[in-house]
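One structure below.
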Amino acid sequence: MSERIFIGVAWPYADGPLHLGHIAGAYLPSDIFARYHRIKGNEVLMVSGSDQHGTPITIRAEQEGKKPGEIAAQYHQQFLDSWQKLGISFDLFTSTGTANHTEVSQDIFLTLLDRGYIYRSTVSQPFCPRCQRFLPDRYIEGTCPYCHATGARGDQCDACGKPLNPVELIDPHCRLCGTAPQFKDSEHFFLKLSELQGKLLDWVRQQTHWRQNVLNFTMRYLEEGLKDRAITRDIGWGIPVPVEGFEDKRIYVWFEAVIGYLSAAKEWAKRSGDDEKWRTFWQKDGQAKSYYFIGKDNIPFHTIIWPAMLLGYNDDLNLPYDVPANEFLTIEGRKLSTSQNWAVWLPDYLSRYDPDPLRYLLSINMPETGDTDFSWREFFRRNNDELVATYGNLVHRVLTFVYRNFDGCVPTFDDIDARGNELINKSLAVFNFMDGFLSQCNFKSALKMAMTVAQEANRYLDEKSPWKIIKEDRQAAANSLYVALCVISGLRTMVYPFLPFSSQKLHKFLGFEGNVEDDGWQLHFPPPGQKLPSPEPLFSKLDEGLVEMEAGRLGLPSS
Ligand SMILES: [Zn+2]
Ligand SMILES: [Zn+2]
């Protein structure tokens with residue numbers, strides 16, 4: 001029975017390059033999940049896009065003397081390039097800068113207003129007398145009233161993590177010119193979260209299948225009581241507020257970015273030629289399950305605010321089924337910091353290395369239930385010891401030996417002994433175990449499970465030694481090599497969601513046509529006599545020198 005799976009992935013701010021923290025947090029797990037469901041024959045829609053609005057982008061643009069749209073377009077292009085090189089298989093990666101997104105956002109805004117979930121209220125906002133402008137969020141800085149760190153922003157203190165209001169800042173000043181702000185009245189729209197609290201609590205209480213950290217965090221947040229939140233800002237960059245008298249204001253970025261999940265599905269439908277197709281993934285009768293892949297800092301927006309908006313907007317749209325938020329990735333034992341350049345940047349990685357070794361390391365070491373660390377030493381070790389020596393070597397020694405000794409064809413077997421059957425049965429059992437793990441977004445365990453099959457197959461070959469016995473008993477050698485080829489064929493499929501590039505290579509090396517995905521989630525025995533191409537290594541060994549070289553790049557000022 002085919003399932004329908006909607007996958008929404010966090011929208012990256014188009015104000016800088018992606019780093020490994022983003023990849024381990026949201027993009028790699030969502031891609032593994034999408035590929036797993038596709039190869040099983042399920043219907044998948046995976047969407048995201050670049051977040052073009054918000055003060056991080058306008059501030060960057062002002063610093064670089066560019067227009068915010070130029071900055072956003074530049075990084076959007078870079079994101080698309082990174083997805084293609086890393087194999088992140090979005091069905092649509094769009095942006096919040098489209099006319100479609102504006103239309104869908106304004107519709108949700110106006111509907112919530114109509115239904116009484118949005119209201120107007122006048123608030124006192126910081127205003128810079130010198131720049132003659134209001135100073136939302138990141139445009140105002142000062143000293144944190146809680147931890148006394150300097151450089152706390154109007155919306156948050158990065159040093160202690162506390163959310164702030166501009167009035168709370170000690171010694172506040174305009175980030176652009178340093179002048180102390182005045183406070184002026186300004187009328188804004190507020191989302192009535194307080195009214196949706198009861199409905200949300202009822203719904204969240206039923207989500208017992210969520211990860212413990214996600215559920216606990218959400219319950220704590222709800223039990224503290226939801227406060228209404230301002231959803232417009234005194235700023236010129238963003239989606240216009242569709243109400244007269246609000247021409248100088250914009251819809252706040254956190255309100256409209258989450259709407260991207262719905263607007264992207266609509267855009268995808270339009271592009272497919274069937275404008276209504278989004279409904280099967282969004283309306284309740286489509287019976288789709290919606291998954292949202294995000295980092296843990298994004299939990300409240302996806303388990304509270306977005307569901308609240310959906311509940312208020314329309315009774316017929318799917319709420320999130322699961323929000324498998326990941327914890328953080330540290331780099332060489334230290335907290336990742338983009339401002340200190342303590343990060344491994346994705347475009348930089350992809351300019352020097354293949355995608356699969358990174359996908360492998362970040363999967364087998366995924367921060368699913370706690371923070372994990374990325375180090376170049378481990379990258380080097382896992383590539384050489386696990387991908388090359390365990391999996392790659394298994395594939396390469398079998399394929400080269402078969403190619404040379406059996407006329408470049410899959411050998412014909414006449415008998416599979418108990419040991420061979422045991423190994424094949426183990427592969428079948430692993431398919432089942434992986435199914436359970438993958439469907440519950442337990443990616444680390446699934447990949448570890450697959451790797452035990454490669455280890456087992458290496459032991460099997462060491463016992464059978466077809467390279468030794470071929471002289472005395474050619475048929476016995478053919479039998480054990482056939483078993484090995486079947487298991488390798490299964491591995492190609494099992495690790496496909498994690499290592500799509502090498503799986504596709506292996507698919508061809510085994511003489512199959514087309515794509516791994518078309519072959520389905522099964523242990524497919526290569527037919528005896530199937531022609532094999534001349535084999536090549538699946539992975540490349542890395543030089544140990546990279547450990548020191550790459551560690552040396554960390555923390556240097558970026559060029
Ligand atoms: Zn603080
Ligand atoms: Zn100023």
Side-chain angles (χ1 to χ4, degrees), residues 8-18 22 26 47-80 92-110 112-113 118 125 133-140 153-156 163 166 175-176 186 188-191 229-243 246-267 292 294-295 297-298 300-302 305-306 309 338:
V9 198
W11 291 54
Y13 264 133
D15 73 333
L18 297 157
H22 296 121
V47 298
S48 181
S50 44
D51 186 342
Q52 310 223 339
H53 301 136
T55 52
I57 291 171
T58 52
I59 285 182
R60 182 157 190 140
E62 275 165 50
Q63 282 164 348
E64 295 186 16
K66 289 182 181 161
K67 292 200 172 100
E70 286 175 64
I71 300 277
Q74 174 195 334
Y75 286 109
H76 181 69
Q77 206 47 52
Q78 194 191 70
F79 294 164
L80 290 173
L92 177 67
F93 186 82
T94 177
S95 88
T96 56
T98 65
N100 169 71
H101 179 67
T102 296
E103 194 186 304
V104 176
S105 300
Q106 292 183 337
D107 169 54
I108 290 187
F109 184 97
L110 290 173
L112 290 172
L113 186 63
I118 287 179
Q125 293 285 72
R133 64 190 283 175
F134 280 102
L135 302 174
D137 307 321
R138 300 190 182 202
Y139 278 92
I140 178 167
R153 301 187 313 249
D155 56 349
Q156 193 178 24
R175 174 150 170 188
L176 302 172
S186 179
H188 282 285
F189 284 98
F190 283 74
L191 179 62
R229 293 187 70 158
I231 54 163
T232 49
R233 287 291 188 273
D234 292 286
I235 191 170
W237 173 245
I239 294 187
V241 181
V243 176
F246 283 79
E247 289 76 11
D248 294 341
K249 300 176 189 190
R250 294 292 178 267
I251 298 178
Y252 184 36
V253 65
W254 68 247
F255 181 86
E256 50 100 349
V258 287
I259 295 174
Y261 298 118
L262 180 60
S263 68
K266 292 187 173 182
E267 184 184 340
Y292 291 84
I294 56 167
D297 48 338
N298 252 327
F301 294 101
H302 292 79
I305 290 164
W306 179 225
M309 288 162 65
T338 55

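Here, residue 1 is the first one in the sequence, and each next residue gets the next number.
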Before giving the answer on side chain to side chain contact (heavy atoms under 4.5 Å, CB included), spell out for Trp254 and Ile231 the whole-Å C-alpha distance, their side-chain angles and the decisive distance to 0.1 Å. CA-CA 8 Å; Trp254 68 247; Ile231 54 163; 3.6 Å; yes
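- In this structure, the ring pair (Phe, Tyr, Trp, His ring centres under 6.0 Å) partners of Phe246, at least two apart in sequence or on a different chain, are Phe189.
- Listed by chain and number, the residues in a side-chain contact (heavy atoms from CB on, under 4.5 Å) with Tyr292 are Phe6, Tyr261, Trp282, Ser290, His302, Trp306, Pro320, Val323 (sequence neighbours excluded).
- Not counting sequence neighbours, Phe79 has no partner by the ring pair (Phe, Tyr, Trp, His ring centres under 6.0 Å) test.
- Scanning all heavy atoms of the two residues, the minimum distance from Glu247 to Arg250 falls at O-NH1, 3.0 Å.
- Contact detail for Ala10 and Ser48: the closest heavy-atom pair is O-OG, 3.1 Å.
- In this structure Asp234 satisfies the side chain to side chain donor-acceptor pair (under 3.5 Å) test together with Ser186, His188, sequence neighbours excluded.
- Residues Val47 and Glu267 have side chains not in contact (no heavy-atom distance under 4.5 Å, counting atoms from C-beta outward).
- Under the rule for a side chain to side chain donor-acceptor pair (under 3.5 Å), the partners of Asp155 that lie at least two apart in sequence or sit in another chain are Arg153.
- Looking at residues two or more places apart in sequence or on another chain, you find a side-chain contact (heavy atoms from CB on, under 4.5 Å) between Gln63 and Ile59, Arg175.
- Other residues, nucleotides and ligands contribute more than 12 heavy atoms inside 6.0 Å of the CD atom of Gln74.
- The salt bridge (Lys or Arg N to Asp or Glu O under 4.0 Å) pairs that include a residue from residues 49-60 are Arg60-Glu64, where partners are two or more places apart or lie in different chains.
- Legend: residues meeting side-chain contact (heavy atoms from CB on, under 4.5 Å) with Gln106, ordered by chain and number and at least two apart, are Thr102, Ile239, Pro240, Pro242.
- Here the straight-line distance linking atom CH2 of Trp11 with atom CD1 of Ile259 works out to 10.5 Å at 0.5 Å rounding.
- One distance of note links OH of Tyr13 with OG1 of Thr55; it measures 6.0 Å at 0.5 Å rounding.
- Here the straight-line distance linking atom CG of Asp107 with atom CG of Leu112 works out to 9.0 Å at 0.5 Å rounding.
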Show me the donor-acceptor pairs within less than 3.5 Å that the side chains of residues 133-140 make with the rest of the protein, sequence neighbours left out.
unit_1	atom_1	unit_2	atom_2	d
Asp137	OD1	Arg233	NH2	3.4
Asp137	OD2	Arg233	NE	3.1
Asp137	OD2	Tyr252	OH	3.4
Tyr139	OH	Thr58	OG1	2.7
Tyr139	OH	Glu62	OE2	3.0

Does the pair Phe255 and Met309 meet the rule for a side chain to side chain contact (heavy atoms under 4.5 Å, CB included), with working shown? CA-CA 9 Å; Phe255 181 86; Met309 288 162 65; 3.6 Å; yes
Chi angles and distances behind the side chain to side chain contact (heavy atoms under 4.5 Å, CB included) call for Phe93, Val9: CA-CA 10 Å; Phe93 186 82; Val9 198; over 6 Å; no
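- The CD1 atom of Ile251 sits 8.5 Å away from the OG1 atom of Thr232 when rounded to the nearest 0.5 Å.
- By the side-chain contact (heavy atoms from CB on, under 4.5 Å) test, Ser95 is found to be paired with Ser50, Gln52, His76, Thr98, residues two or more places apart in sequence or in another chain being considered.
- Listed by chain and number, the residues in a salt bridge (Lys or Arg N to Asp or Glu O under 4.0 Å) with Asp297 amount to none (sequence neighbours excluded).
- The two residues Leu262 and Val104 have their closest heavy-atom pair at CD2-CG1, 4.3 Å.
- Under the side chain to side chain donor-acceptor pair (under 3.5 Å) criterion, His101 pairs with Ser105, Glu256, Ser263, sequence neighbours left out.
- More than 12 non-hydrogen atoms from other residues, nucleotides or ligands lie less than 6.0 angstrom from CG of Asn100.
- Of all heavy-atom pairs spanning Pro56 and Asp15, the tightest one is CB-OD2, 3.3 Å.
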